[in-house]
*Asks:* 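Below: one structure in structure tokens.
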Amino acid sequence: MDKKILLVAAILGVTAIILGAFGAHGLKKVLSVEQLATFEVGVRYQMYHALFLLFIGTFTFLGEKERSIIFYLTIIGVLFFSGSIYFLATNTITNLKTKFLGPITPIGGLFLVSAWGYLFYAVLSKKH
């Protein structure tokens, strides 16, 4: 599981860098300032959680089950939160009907908060 967590962290990190560069350079002329700022929020949270997973994957204080729960909460959260933001921010150039994604963003945020909350709970409940 640790290898899987670290590999996913690396994928999230590299794609966050690519998407950040794409947003800053490729989308600068086709999106509004507000849309670019929204896109950047998705990139930022994706990178934060790539780093979070790097930490979780190397943090030996947690058991396998605890790391697994945090991993899946984080993955779902990033996909829902950042993924929906990417589509919502670029819907004027993709012409995709993304309005239905609006409620997905806070659900993703809830998964991310849950991952951090579960980390807090797991550490707090350790006896040593």
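These values consider heavy atoms only, across backbone and side chains, with no hydrogens, waters or symmetry-generated copies.
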*Asks:* State which residues pass side chain to side chain donor-acceptor pair (under 3.5 Å) with T92; sequence neighbours excluded, sorted by chain then number.
*Replies:* Q35
*Asks:* Tell me, with the steps shown, if L12 and M47 meet side-chain contact (heavy atoms from CB on, under 4.5 Å).
*Replies:* CA-CA 7 Å; L12 287 178; M47 182 56 83; over 6 Å; no
*Asks:* Can you list every pair that meets side chain to side chain donor-acceptor pair (under 3.5 Å) and has a residue in residues 5-18, with sequence neighbours left out?
*Replies:* T15-Q46
*Asks:* Test of understanding: with side chain to side chain donor-acceptor pair (under 3.5 Å), list the residues that count as partners of Y45, not counting sequence neighbours.
*Replies:* none
*Asks:* What residues, two or more places apart in sequence or in another chain, satisfy side-chain contact (heavy atoms from CB on, under 4.5 Å) together with A115?
*Replies:* F52, I70, L73, T74
*Asks:* Do L54 and V78 belong to the same hydrophobic cluster, where Ile, Leu, Val, Met, Phe, Trp and Tyr are linked whenever their side-chain heavy atoms lie under 4.5 Å apart, directly or via other members?
*Replies:* no
*Asks:* With a cut-off of 6.0 Å (strictly less than), are more than 12 heavy atoms of other residues, nucleotides or ligands near CZ of F61?
*Replies:* yes
*Asks:* In the single-linkage hydrophobic clustering (I, L, V, M, F, W, Y; side-chain heavy atoms under 4.5 Å), do F55 and L53 co-cluster?
*Replies:* yes
*Asks:* In chain order, what residues pass the side chain to side chain donor-acceptor pair (under 3.5 Å) check against Y72, with sequence neighbours excluded?
*Replies:* K4
*Asks:* Rounded to the nearest 0.5 Å, what's the gap from CD1 on I85 to CD1 on I104? Could you check?
*Replies:* 12.5 Å
*Asks:* Do L101 and L112 share a hydrophobic cluster (ILVMFWY, side-chain heavy atoms under 4.5 Å, transitive)?
*Replies:* yes
*Asks:* Carefully, step by step, assess Y118 and L62 under the rule side-chain contact (heavy atoms from CB on, under 4.5 Å).
*Replies:* CA-CA 11 Å; Y118 188 78; L62 295 174; over 6 Å; no
*Asks:* Identify the two heavy atoms, one from G13 and one from A50, that lie closest to each other, and give their separation to 0.1 Å.
*Replies:* N-CB, 3.5 Å
*Asks:* How would you list, by chain and number, every residue that makes a side chain to side chain donor-acceptor pair (under 3.5 Å) with S114, sequence neighbours excluded?
*Replies:* none
*Asks:* Take L119 and I56, measure what side-chain contact (heavy atoms from CB on, under 4.5 Å) needs, and give me the verdict at the end.
*Replies:* CA-CA 9 Å; L119 171 63; I56 294 302; 4.0 Å; yes
*Asks:* What side chain to side chain donor-acceptor pair (under 3.5 Å) pairs are there with at least one residue in residues 102-111, not counting sequence neighbours?
*Replies:* S84-T105
*Asks:* Taking side chain as C-beta onward, heavy atoms only, is H49 less than 4.5 Å from W116?
*Replies:* yes
*Asks:* Starting from I18 and following side-chain heavy-atom contacts under 4.5 Å between hydrophobic residues (I, L, V, M, F, W, Y), which residues can be reached?
*Replies:* V14
*Asks:* With a sphere of 6.0 Å drawn around CZ of F59, does it hold more than 12 non-hydrogen atoms of other residues, nucleotides or ligands?
*Replies:* yes
*Asks:* With a 4.5 Å cut-off on side-chain heavy-atom distances among I, L, V, M, F, W and Y, is there a chain of contacts connecting I76 to L88?
*Replies:* yes
*Asks:* Got a sec, which residues hit salt bridge (Lys or Arg N to Asp or Glu O under 4.0 Å) with K126, two or more places apart in sequence or on another chain?
*Replies:* E66
*Asks:* With a 4.5 Å limit on heavy-atom distance, are the side chains of L6 and K3 in contact?
*Replies:* no
*Asks:* Mind checking salt bridge (Lys or Arg N to Asp or Glu O under 4.0 Å) for E34 and listing every partner two or more places apart, or none if nothing turns up?
*Replies:* none
*Asks:* Could you pull out all residues at least two apart from I107 that satisfy side-chain contact (heavy atoms from CB on, under 4.5 Å)?
*Replies:* F80, F111
*Asks:* Measure the CD-CG distance between E64 and D2 for me, rounded to the nearest 0.5 Å.
*Replies:* 6.0 Å
*Asks:* Please tell me whether L19 and V30 are part of a single hydrophobic cluster in this structure, the criterion being side-chain heavy atoms less than 4.5 Å apart.
*Replies:* yes
*Asks:* Enumerate the ring-ring contact (aromatic ring centres under 6.0 Å, His included) contacts for residues 4-34, please, sequence neighbours excluded, ordered by first and then second residue.
*Replies:* none
